[in-house]
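Remarks on the structure that follows.
Within every chain, numbering begins at 1; the chains are lettered A, B, ... in the order of the sequence lines, protein sequences first and strands thereafter.
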Amino acid sequence: MKITYFAKTRELMGRDSDSIDFPTDIHTIDDVIEYLSAKGAPYDVAFEERNSLRFALDNELAQNDASINNISELAIFPPVTGG
Amino acid sequence: MQHIALQAKAFDAGEELRKFESKRLGAIASFSGLVRSENEIRALSIEHHPVMTQKALEKLCDITTQRYHLLGVTIIHRYGTLKLGEPIVFVAAASEHRKEAMEAIIYMMDRLKTDVPLWKKEIFADGSSRWIDQKQSDVERSSSW
């Protein structure tokens with residue numbers, strides 16, 4: 001699955017995307033965050049403020065308990081600040 | 001008429017207002033947001049999402065048009081590096097009467113602050129920078145509609 005990062009999350013990650021094959025027991029966005037954070041830097045730092053992360057699955061906003069089944073891209077970013 | 005633009009280049013608010021045309025049109029309200037001098041900032045850097053930002057602006061236009069029975073609506077939002085005083089965002093709403101147009105632009109700006117994938121970073125004189133955090137007051141205003 002492709003994972004893309006935006007704004008502060010992208011800067012903390014030090015790159016704008018990853019391509020990762022997840023184990024079969026990773027079902028939701030929460031599972032992804034948990035799995036990647038356990039890998040250490042830079043994920044643990046970029047995902048430290050869990051409640052401040054927002055997500056999109058294949059370009060549609062998604063909640064953290066949403067399933068990643070059949071999804072090709074997960075976007076991770078901070079709350080928006082346009083206008 | 002709907003005009004939605006996500007662009008790096010500057011825009012002319014007067015020119016945008018002159019694009020509205022309808023025989024029933026009795027009111028046009030508009031809002032321009034500018035980069036203001038605060039905390040010694042020299043510029044703003046605005047990041048967008050390659051797909052979701054445009055879609056979110058289109059959705060916001062559709063919802064606002066239906067909600068306020070608008071005859072026309074414009075949303076322009078810039079991205080990239082913008083200097084002090086430069087325009088960031090322009091919204092305009094045209095309707096038969098003033099109340100719908102005026103409420104529509106407040107609604108659009110409140111929802112834009114929380115619903116459209118855009119992120120601002122302040123650039124300071126010494127070259128350092130800081131991502132702006134979402135304000136709780138913006139979240140409360142947006143969810144009050």
Hydrophobic clusters here meaning ILVMFWY residues chained together by side-chain heavy-atom distances under 4.5 Å, can you tell me if [X] and [Y] are in one?
X: F77(A); Y: V51(B); value: no
X: I4(B); Y: F90(B); value: no
X: L84(B); Y: L44(B); value: yes
X: I68(A); Y: F55(A); value: yes
X: Y68(B); Y: I106(B); value: yes

For [X], look at atom [atom1] and say whether over 12 heavy atoms of other residues, nucleotides or ligands are found less than 6.0 Å away.
X: R54(A); atom1: CZ; answer: yes
X: M102(B); atom1: CE; answer: no
X: K2(A); atom1: NZ; answer: no

Looking only at heavy atoms, what is the nearest atom pair of P79(A) and Q134(B), with distance? CB-OE1, 3.2 Å
Measure [X] against the heavy atoms of chain A and call it side chain, backbone, both or neither at under 4.5 Å.
X: K55(B); answer: side chain
X: D138(B); answer: neither
X: V116(B); answer: backbone
X: I46(B); answer: neither

Roughly how far, to the nearest 0.5 Å, is NE2 of H49(B) from OG1 of T4(A)? 5.0 Å
Return the CG to OG1 distance between L118(B) and T81(A), rounded to the nearest 0.5 Å. 7.5 Å
Is the closest side-chain heavy-atom distance between [X] and [Y] below 4.5 Å?
X: E11(A); Y: W131(B); answer: yes
X: M52(B); Y: L61(A); answer: yes
X: W119(B); Y: K8(A); answer: no

Determine whether a donor-acceptor pair (N or O, by modelled atom type, separation under 3.5 Å) exists between the side chain of H77(B) and the backbone of G82(A). no
